[in-house]
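Have a look at the structure below before the remarks.
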Amino acid sequence: MSTDAEFADARHIPPIPPQPPRQPAPAGMPEPEGDPRTTVLRRVPAEPSAPAPGAHPVPPRPTVPPPAGAQPPPHPDRAPGAPAPAAPAAPTPPPPAGRPHTFRDTAAFHLAHSQKLWSDSREPAAGRGPGAPPAPRHPAAGPSAAPGSAPPRPAAERPPHPPWPPTTAPHPGVVTAPGAPGRPGAVRRPGPRLLGAAACLVLGIGLTGGAAAGSWLTDEADAAPPTAEAVFAKGRDVWHNTPVDRLFPRTVNGLGVGPGGADRTWTRIAVAADAGCGHAYDPKLTAALARAGCTRLLRATYADATRSSVITVGAQITKADQPGMMALNTRFSTRSLGTRTDLLPLPYAAKGTPAEGFGPAQRASWTVRILTDIPVVVYAVSGFADGRTVTDPQPAEAAVRPGVTTAPAESGLGHDAKGLADRIGTDFRKAAGSPTQTTEASS
């Protein structure tokens with residue numbers, strides 16, 4: 001029997017084509033039984049087995065038929081003269097339809113007749129549940145076992161299948177996965193590890209939510225505009241809480257602030273150490289600012305792009321409160337203290353710089369600003385870098401007016417003083433957090 005028939009599926013095997021009509025045999029040749037192209041297997045006689053001890057020997061079967069009228073040999077296991085019982089004749093079953101006269105032991109034949117065997121073993125019957133007993137397997141019809149092979153044992157003598165291993169209860173603290181087999185009716189209790197992990201998760205979520213809420217509240221508080229009192233108090237400390245490059249930048253660009261709307265660029269060439277206000281102004285200007293007090297005085301000197309003019313800009317941090325700064329601003333504006341030529345600031349002439357020769361006689365234009373939102377007085381004074389003397393200095397607000405033909409106006413010294421004073425005053429306000437720019441008197 002072919003081994004391919006044991007593993008092939010009969011449903012995927014193409015049908016066996018019909019055999020061609022048999023050709024008549026030539027005259028004088030005997031016609032073989034069955035298909036001459038198919039090998040026919042015949043039984044092989046089994047080897048004679050040895051007789052058991054104490055049993056009567058069975059005489060061998062004669063190969064030559066006995067002559068007519070001869071008596072059969074006597075049987076030692078029967079009584080003399082007893083007639084042999086006649087065996088009933090077994091009915092001969094009709095041959096199956098479509099089966100050839102001679103049995104064909106081919107792979108195609110067994111594959112074609114093994115559909116029932118594969119269907120019974122692999123396809124479950126309809127309406128049969130998982131708890132129903134398995135259906136008995138019927139062996140497919142096939143050729144008889146080979147001579148000398150052991151017959152199949154009955155089902156009662158087959159060894160039983162080993163039982164399934166018993167399901168053990170899960171260890172305490174281990175949660176059984178969904179769908180995993182467990183003991184019926186068992187209560188799953190969370191273990192200490194699971195409880196600890198849940199507690200950590202809740203704590204982490206709480207901390208994250210608290211941090212997010214705090215950050216949100218802080219951002220809202222930062223986004224709210226500061227009060228005027230807070231800005232004024234912070235402006236008193238900007239001189240030691242803010243880098244010098246933010247209060248006095250190294251380079252200041254003035255777009256459209258020069259004569260005729262030209263752009264101006266100023267470069268810082270010297271920065272003075274913070275000090276008192278005793279030697280920063282003319283005596284009369286010192287007396288006018290004495291009511292506000294002096295905490296610190298910051299100064300820096302700049303030069304324009306052509307190095308032809310030099311400008312000293314300063315900031316005095318006062319001790320006055322906000323009403324005191326407003327009163328000082330009103331006094332300067334009503335009495336025109338900012339336009340008097342005997343109330344000028346002094347320049348900072350740093351040695352080894354283009355401003356080394358910048359003294360009181362070289363002052364050509366100036367401006368003084370009394371800021372009211374922060375306790376700061378900002379001023380600027382400009383002159384020629386070549387050291388020439390100016391006999392008629394002019395306030396910056398007057399020198400920047402159109403049509404003025406004075407030396408400070410035509411040289412742009414008034415624009416330099418006004419432009420730098422505006423920029424340094426804006427930087428101090430930004431450092432204090434002032435959202436708006438108030439109006440103050442300027443000379």
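Start at 1 with the first residue, then count along the sequence. The structure presented is a predicted model; accordingly, all values stated were derived computationally and were not measured.
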task = Check Ala417 against Ile311 and note the closest heavy-atom contact, atom names and distance.
result = CA-CG2, 4.4 Å
request  = Show the numbers, then the answer: is there a side-chain contact (heavy atoms from CB on, under 4.5 Å) between Val252 and Thr265?
outcome  = CA-CA 6 Å; Val252 178; Thr265 302; over 6 Å; no
request  = Measure from the side-chain N and O atoms of Gln362 to the backbone N and O of Gly387, and report whether any donor-acceptor pair falls under 3.5 Å.
outcome  = yes
task = Find out whether Asp263 and Asn253 are in side-chain contact, i.e. whether some heavy atom of one side chain is under 4.5 Å from a heavy atom of the other.
result = no
query = Any sub-3.5 Å donor-acceptor pair from Thr301's side-chain atoms to Thr312's backbone N or O?
reply = no
key: Heavy-atom side-chain contact between Phe384 and Leu413 under 4.5 Å   = yes
message = A side-chain contact here means heavy atoms from C-beta on lying under 4.5 Å apart; do Val377 and Val368 qualify?
response = yes
query = Is there a donor-acceptor contact under 3.5 Å from the side chain of Ser333 to the main chain of Thr330?
reply = yes
task = With rounding to the nearest 0.5 Å, note down the distance linking NZ in Lys430 to CG in Leu247.
result = 12.0 Å
key: Shortest non-hydrogen contact between Ala431 and Lys234, atoms and distance   = O-CE, 3.5 Å
query = Among all residues two or more places apart in sequence or in another chain, which pass the ring-ring contact (aromatic ring centres under 6.0 Å, His included) test with Phe428?
reply = none
Among Leu346, Asp282, Val381, the one residue meeting side-chain contact (heavy atoms from CB on, under 4.5 Å) with Pro360 = Leu346
inquiry  = Please give me the minimum heavy-atom distance between Leu297 and Ala280, naming the atom from each residue.
reply    = CD2-CB, 3.0 Å
ask   = Heavy-atom count around His279 NE2 within 6.0 Å, excluding the residue itself: above 12?
value = no
message = Assess the residue pair His415 and Val257 against the criterion (side-chain contact (heavy atoms from CB on, under 4.5 Å)); give the C-alpha distance rounded to whole Å, side-chain angles, the decisive distance to 0.1 Å, and a yes or no.
response = CA-CA 7 Å; His415 296 81; Val257 298; 5.9 Å; no
request  = Give the intermediate values and the outcome of side chain to side chain donor-acceptor pair (under 3.5 Å) for residues Thr372 and Asn329.
outcome  = CA-CA 7 Å; Thr372 57; Asn329 180 46; 5.5 Å; no
query = Is there side-chain contact between Asp427 and Arg423, with at least one heavy-atom pair below 4.5 Å?
reply = yes
key: Nearest-0.5 Å distance that lies between atom CZ in Phe248 and atom OG1 in Thr242   = 11.0 Å
ask   = Side chain of Gln316, backbone of Gly293: donor and acceptor closer than 3.5 Å?
value = yes
Donor on one side chain, acceptor on other, Asp304 and Ser308, under 3.5 Å = yes
key: Pro395 versus Ser365, closest heavy-atom pair with distance   = C-OG, 3.7 Å
ask   = With a cut-off of 6.0 Å (strictly less than), are more than 12 heavy atoms of other residues, nucleotides or ligands near CZ of Arg291?
value = no
ask   = Does any non-hydrogen side-chain atom of Leu344 lie less than 4.5 Å from one of Leu285?
value = no
key: Arg340/Lys284 under side-chain contact (heavy atoms from CB on, under 4.5 Å): CA gap, chis, key distance, verdict   = CA-CA 10 Å; Arg340 291 171 52 175; Lys284 292 184 178 180; 4.1 Å; yes
task = Considering non-hydrogen atoms only, spot the tightest contact between Ala398 and Val404 and give its length.
result = O-CG2, 3.6 Å
query = Going through the checks in order, is the side chain to side chain donor-acceptor pair (under 3.5 Å) test met by Ser382 and Asp416?
reply = CA-CA 7 Å; Ser382 60; Asp416 293 338; 5.8 Å; no
query = Quick one: does Arg264's side chain have a donor or acceptor within less than 3.5 Å of a partner on Ala305's backbone?
reply = no
key: Tyr379 and its ring-ring contact (aromatic ring centres under 6.0 Å, His included) partner, picked from Trp366, Tyr281, Phe332   = Tyr281
ask   = So do the side chains of Arg369 and Asp422 get within less than 4.5 Å of each other, counting heavy atoms only?
value = yes
query = In Å and rounded to the nearest 0.5 Å, what is the CZ to CD1 distance from Arg299 to Ile424?
reply = 14.5 Å
note = Output for pair (Asp237 CG, Ile374 CD1), nearest 0.5 Å, gives 11.5 Å
note = Rounded to the nearest 0.5 angstrom, the CD-CZ distance for Gln322 and Phe232 is 5.5 Å
key: Test item: Arg236 side-chain N/O and Ala320 main-chain N/O as donor-acceptor pair under 3.5 Å   = yes
request  = With the side chain counted from C-beta on, respond yes when Arg268 and Asp245 share a heavy-atom pair under 4.5 Å apart, and no when they do not.
outcome  = yes
query = Just wondering, do Leu289 and Ile370 contact through their side chains at under 4.5 Å, heavy atoms?
reply = yes
task = Locate the shortest heavy-atom distance separating Pro408 from Ala364; write the atom from each residue and the value.
result = CG-O, 3.5 Å
message = Distance check, rounded to the nearest 0.5 Å: Ser309 atom OG versus Asp386 atom CG?
response = 10.0 Å
